[in-house]
Amino acid sequence: MVDWTHERYAAAAVTQIERMAGTVEGADFTTQVPTCPGWDLRQLVTHTGGVHRWAALMVGELAAERFDRAALEAGFAGLADEEFPGWLREGAGLLDEALTAHPGDAPMWAWGGDRHVRFWSRRQLHETVVHHADAALALGVTPDIPEDVAVDGVEEFLDILPYARWRPEVRELTGDGETISWRTGSGAAWLITLGPEGFAYERSAARASATLHADTAAELLLLIWRRGELERQRMDGETKLLRWWADHSMI
């Protein structure tokens, strides 16, 4: 099992940003991004690089409240296509500098439950992983997500999901003890239990009310972020429960 420290998250985030920059090198930035309806590659990269800079700015100042991201991203509209790969790499440097300047347990604002710098090293890793996959899929390239990163990404999704308050459907992820199993062919498995106040999860391959199978944790990560088609996966048990979860957990 990988020991995911703040420092390791920060380094992995930089690696993923650099890989994304390589993927879009020389691309047609008018290419539509099917997994982000309404966006082309230019909008996807502008958003992703803008989020890196937004996070770097807040972490650098150990912000006690949220900074206005829209205002920051508005300043990137004039970039030429050939500038985007270098601009992404520059953002990786800014993010790394900010993240490594502080210990992971330094308190600051975060939209999730872990209101410390380490929230942002982890969040920026997985933000980049998913958007790198968006770019790859748009360009006809199969996403290549390391399994250790994907396993942590699945758990990060479950950790932040209750805090996605802009999606009112998330509040409805409750139940009376129903269970959902996510299982992968690579061995990673999770058990989600729905209770009156919300859901809890654990690493477990125990039997459940409904089971979703994926070949790898990377495939599962893309599925839960709605970058794959649920109906193409093998599902056992109360499949209606799996569809209900998917509908209510979209963030």
Side-chain angles (χ1 to χ4, degrees), residues 2 4 8-55 73 76 79-96 120-157 160 182 184-186 188 212-233 246 249-251:
V2 174
W4 281 105
R8 185 163 189 158
Y9 282 127
V14 170
T15 296
Q16 289 299 318
I17 297 168
E18 291 174 345
R19 290 184 64 208
M20 182 174 180
T23 295
V24 302
E25 194 96 49
D28 177 358
F29 283 84
T30 66
T31 301
Q32 295 299 298
V33 182
T35 49
C36 297
W39 278 10
D40 59 17
L41 199 58
R42 168 179 282 272
Q43 290 165 298
L44 174 70
V45 173
T46 300
H47 166 78
T48 307
V51 169
H52 297 152
R53 284 161 169 78
W54 174 68
E73 289 186 13
F76 307 137
L79 288 170
D81 290 357
E82 62 271 16
E83 295 180 275
F84 276 116
W87 180 74
L88 276 175
R89 294 185 179 103
E90 179 186 57
L94 294 171
L95 183 62
D96 186 51
W120 290 104
S121 55
R122 191 186 195 196
R123 180 82 287 273
Q124 290 310 293
L125 167 59
H126 297 302
E127 173 89 8
T128 306
V129 164
V130 172
H131 285 320
H132 182 199
D134 289 328
L137 291 166
L139 295 170
V141 177
T142 301
D144 181 15
I145 305 172
E147 274 294 279
D148 59 342
V149 171
V151 167
D152 187 75
V154 170
E155 296 188 354
E156 195 250 5
F157 174 84
I160 63 174
W182 290 343
T184 70
S186 56
L212 171 65
H213 300 269
D215 288 340
T216 63
E219 182 179 67
L220 177 61
L221 179 66
L222 295 180
L223 276 171
I224 62 179
W225 278 107
R226 305 294 287 243
R227 267 65 179 186
E229 295 183 34
L230 181 65
E231 297 302 327
R232 291 192 174 187
Q233 305 304 309
S249 63
M250 184 172 64
I251 60 173

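Worth saying up front: this structure is predicted, and the values here are computed from it rather than measured.
Remark: the backbone N or O of Leu79 is not paired with any side-chain donor or acceptor of Glu83 at under 3.5 angstrom. Panel note: side chain Arg226, backbone Ala246; a donor-acceptor pair is recorded below 3.5 Å. A donor-acceptor contact shorter than 3.5 Å is absent between the side chain of Gln16 and the backbone of His126.
In this structure, Trp87 CH2 and Thr46 OG1 are separated by 5.5 Å, a value rounded to the nearest 0.5 Å. In this structure, CZ on Arg8 lies 10.0 Å from CG on Asp152, to the nearest 0.5 angstrom. To the nearest 0.5 Å, atoms CD1 (Ile17) and CD (Glu90) are separated by 12.0 Å. Between the CG atom in Leu88 and the CE atom in Met20 there is a gap of 5.5 Å [rounded to 0.5 Å]. Rounding to the nearest 0.5 angstrom, the gap separating the OG1 atom in Thr30 from the CD atom in Gln43 is 11.0 Å.
Nearest heavy atom pair, residue Val24 against residue Phe29, reads O-CZ, 3.6 Å. In terms of heavy atoms, Ser121 sits closest to Ala13 at O-CB, 4.4 Å. Residue Trp4 comes nearest to Ala12 through the heavy atom pair CZ3-CB, 4.0 Å, listed as atom of the first residue, atom of the second, then distance. The heavy-atom pair separating Ala92 from Val14 by the smallest distance is O-CG2, 3.9 Å.
Using a 4.5 Å heavy-atom threshold, the side chains of Thr184 and Val151 count as separate. Two residues are said to be in side-chain contact when any heavy atoms from C-beta on lie closer than 4.5 Å; Trp182 and Ile224 meet this criterion. Trp120 has its side chain within reach of Trp54: a pair of non-hydrogen atoms, C-beta onward, lies under 4.5 Å apart. Within the 4.5 Å cutoff, the side chain of Trp39 has no heavy atoms near those of the Val45 side chain. Counting heavy atoms from C-beta on, the side chains of Val129 and Leu221 come closer than 4.5 Å. At a threshold of 4.5 Å between non-hydrogen side-chain atoms, the residues Leu212 and Leu220 count as touching. No side-chain heavy atom of Trp225 sits under 4.5 Å from any side-chain heavy atom of Thr35. At least one side-chain heavy atom of Phe157 sits under 4.5 Å from a side-chain heavy atom of Ile251.
Residue pairs that meet the salt bridge (Lys or Arg N to Asp or Glu O under 4.0 Å) test with at least one member in residues 20-42, sequence neighbours left out, are Glu25-Arg89, Arg42-Asp81. Among residue pairs with one or both ends in residues 127-139, those qualifying as salt bridge (Lys or Arg N to Asp or Glu O under 4.0 Å) are Arg123-Glu127, Asp134-Arg227; sequence neighbours excluded.
In this structure Glu231 satisfies the side chain to side chain contact (heavy atoms under 4.5 Å, CB included) test together with Met235, Arg243, sequence neighbours excluded. Ala133 meets the side chain to side chain contact (heavy atoms under 4.5 Å, CB included) test with Pro143, Leu222; sequence neighbours excluded. Under the side chain to side chain contact (heavy atoms under 4.5 Å, CB included) criterion, Thr15 pairs with Arg19, sequence neighbours left out. The ring-ring contact (aromatic ring centres under 6.0 Å, His included) search around His131 returns His47, not counting sequence neighbours.
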Verdict with supporting geometry, Ile145 and Thr216, side-chain contact (heavy atoms from CB on, under 4.5 Å) = CA-CA 10 Å; Ile145 305 172; Thr216 63; over 6 Å; no
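In this structure, a donor-acceptor pair under 3.5 Å is present between the side chains of His52 and Thr128.
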